[in-house]
Amino acid sequence: MNKETIIIIGAGQAGATVAIQLRQDGFTGRIILVGDEPHLPYERPPLSKERLLTPDTTNCQIFSADFYAEKQIEVRNNEKVTGINTQTRQILLANGEKLDYFKLVITTGASVKHISMLDELGEKVHTLRTIDDADMLRLSLSPEKRIAIIGGGVIGLELASTAIDLGCQVNLVDTGNRVMRRSIPPILSQFLFEQHQKNGVQFHMNTGLRTASRNQDNSFTLTLENGTCLQADAIVYGIGVEPNVNLAIQAGIRVNNGIVINSHGQTSDPDIYAAGDVTACWQGQTQTFTRTETWENAQNQAITVAKAILAQNPPEFSAPWFWTDQCGLNIQLCGQMNADQWICRGDMNAPEGFILFGFSQDILVGAITVNQGREMRNLKKMIALQHPFCKATLENKETNLRQLSNSVTV
């Protein structure tokens with residue numbers, strides 16, 4: 001490939017992965033990675049866990065400054081892109097500088113949805129999206145502090161687990177009837193609910209926030225829609241995110257619940273690609289443009305984009321996978337979480353963990369491991385086979401899943 005310039009807007013996991021993959025696959029031209037944060041690209045999963053528990057020893061950076069310099073990748077931190085001119089193939093920076101591109105990649109991610117009622121209360125009201133957010137939140141998580149968490153998704157539950165580990169008292173509020181209801185099946189939702197209760201989390205489900213105020217001693221009073229009053233020393237909320245699509249919209253790029261991309265990560269402009277949380281792909285099963293907000297999706301899309309730009313074949317990826325760590329448990333999830341039926345292998349209360357198998361029309365379409373992550377490789381392979389495995393065989397703890405996955409021919 002010739003020495004043209006590829007610009008990547010968004011210096012997070014997806015952006016950094018695109019840049020590195022381009023170099024690994026032989027691109028010798030100029031690569032510019034532009035980010036509006038003051039930090040080098042970093043991973044977000046540790047922000048709700050390790051970064052809060054052990055901030056002094058947790059490094060979230062993906063690569064060091066020396067690594068980018070060695071690979072001749074120009075990382076421009078604290079630079080805000082204000083526009084994209086598709087006619088001149090230029091991006092405009094807030095400082096007035098214009099940069100020419102041969103190909104452009106948008107990896108701008110997403111931003112938290114805000115609750116203005118809480119934001120207006122000022123300090124000690126937190127959201128968690130950036131490394132700076134995590135470092136500010138850590139200052140509020142002292143032993144015996146009363147923490148109110150609004151939102152029972154994966155971030156809310158991970159924060160609840162972390163806050164309990166740090167000795168805090170936790171109240172969690174969610175408008176739904178079960179935790180993580182958008183991303184996991186009811187059987188796992190109930191299990192996690194019970195585990196958090198055992199840890200000391202007080203849940204307030206099926207209710208929202210009616211009012212919130214700051215008290216004279218700088219604590220907070222929260223009144224819920226069901227009439228419950230909660231006292232808190234700090235508040236943290238996570239009610240979802242919104243894709244950062246403004247640049248794409250201004251440039252006339254197609255947007256529908258995110259920047260619309262094809263299977264190669266290409267947008268409606270053939271010279272512009274996108275990857276990560278900002279993107280939306282067509283899902284035939286739901287007949288909608290869907291965003292997938294996982295570490296793995298950002299990684300896989302970034303690799304796909306780099307190879308598409310270089311006219312190389314993308315690798316084949318296994319069924320979608322993500323993980324969460326809560327209450328001392330490692331939970332890994334693969335495939336479809338909306339399966340018609342779930343069966344369990346093992347005792348859900350046993351310390352060694354268990355496996356859940358999800359079936360739709362007798363075909364294995366999803367799997368969940370709890371402290372059984374060593375089996376995930378086999379489970380991914382079994383799901384990819386789209387095979388009607390015998391449920392009784394899978395429930396049997398003596399069944400060797402590796403041998404079973406290798407025994408099926410398609």
Side-chain angles (χ1 to χ4, degrees), residues 45 152-155 157 176-193 240-241 256-258 261-263 276-277 279-301 304 314-326 329-346 348 353-395 399 401-402 404-405 408 410:
V154 61
I155 293 298
L157 291 190
N177 61 354
R178 62 184 183 89
V179 297
M180 288 183 66
R181 64 188 182 278
R182 296 185 182 91
S183 54
I184 62 175
I187 184 172
L188 182 62
S189 184
Q190 182 62 31
F191 171 78
L192 289 177
F193 180 82
V241 297
N256 189 331
N257 188 37
I261 59 171
N262 63 18
S263 60
D277 291 356
T279 64
C281 302
W282 179 255
Q283 298 292 331
Q285 183 184 21
T286 60
Q287 295 290 294
T288 59
F289 286 98
T290 302
R291 287 184 298 109
T292 303
E293 301 162 9
T294 66
W295 179 95
E296 184 200 47
N297 183 65
Q299 190 82 358
N300 290 350
Q301 285 188 345
T304 297
E316 291 188 11
F317 298 113
S318 57
W321 165 85
F322 71 101
W323 83 95
T324 178
D325 295 309
Q326 302 173 29
L329 303 169
N330 173 254
I331 302 144
Q332 299 189 34
L333 309 96
C334 179
Q336 299 177 22
M337 293 296 105
N338 59 349
D340 297 334
Q341 179 190 10
W342 289 88
I343 63 172
C344 182
R345 167 183 165 130
M348 295 182 71
F354 58 91
I355 300 175
L356 297 172
F357 300 90
F359 285 85
S360 290
Q361 298 180 347
D362 292 327
I363 301 295
L364 181 67
V365 296
I368 299 168
T369 64
V370 176
N371 287 349
Q372 294 274 329
R374 63 186 179 277
E375 296 286 10
M376 185 49 70
R377 181 190 296 266
N378 301 320
L379 294 168
K380 286 182 178 181
K381 183 177 180 181
M382 292 166 67
I383 291 169
L385 292 170
Q386 292 289 288
H387 186 74
F389 289 95
C390 172
K391 296 172 185 176
T393 300
L394 293 182
E395 286 178 313
T399 299
L401 297 181
R402 181 173 178 272
L404 184 61
S405 66
V408 177
V410 293

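Note that these values count all heavy atoms, side chains included, but never hydrogens, waters or copies made by symmetry. For this chain, numbers begin at 1 and follow the sequence in order.
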Please round to the nearest 0.5 Å and tell me the distance separating atom [atom1] of [X] and atom [atom2] of [Y].
X	Y	atom1	atom2	result
W282	N262	CH2	CG	15.0 Å
M348	I355	CE	CD1	12.5 Å
T292	D277	OG1	CG	9.0 Å

What I'd like to find out is whether the side chain of [X] reaches to under 4.5 Å of the side chain of [Y], using heavy atoms alone.
X	Y	result
F317	T304	yes
K391	Q341	yes
F359	L364	yes
F193	R178	no

Partners of D340 by salt bridge (Lys or Arg N to Asp or Glu O under 4.0 Å), sequence neighbours excluded?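 By the salt bridge (Lys or Arg N to Asp or Glu O under 4.0 Å) rule, D340 matches no residue at all.
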Set of residues satisfying side-chain contact (heavy atoms from CB on, under 4.5 Å) with respect to S405, sequence neighbours excluded: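 With sequence neighbours excluded, S405 shows a side-chain contact (heavy atoms from CB on, under 4.5 Å) to N378, K381, M382, given in chain and number order.
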Walk me through whether W321 and Q332 qualify under side chain to side chain contact (heavy atoms under 4.5 Å, CB included). CA-CA 7 Å; W321 165 85; Q332 299 189 34; 3.0 Å; yes
The test is side chain to side chain contact (heavy atoms under 4.5 Å, CB included); show your working for T369 and L379 and say whether it passes. CA-CA 9 Å; T369 64; L379 294 168; 3.4 Å; yes
Take I368 and W342, measure what side chain to side chain contact (heavy atoms under 4.5 Å, CB included) needs, and give me the verdict at the end. CA-CA 10 Å; I368 299 168; W342 289 88; 3.9 Å; yes
Would I331 and L188 count as a side chain to side chain contact (heavy atoms under 4.5 Å, CB included) here? Give the steps. CA-CA 10 Å; I331 302 144; L188 182 62; 4.1 Å; yes
Does the ring centre of F354 sit less than 6.0 Å away from the ring centre of F191?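 Distance test on ring centres: under 6.0 Å, yes.
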For R377, I'd like to know if atom CZ has over 12 heavy atoms of other residues, nucleotides or ligands within 6.0 Å.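 No - once you tally the heavy atoms of other residues, nucleotides and ligands closer than 6.0 Å, there are 12 at most.
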Donor-acceptor pair between Q336 and S360 side chains, under 3.5 angstrom: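 S360 and Q336 do not have a side-chain donor-acceptor pair below 3.5 Å.
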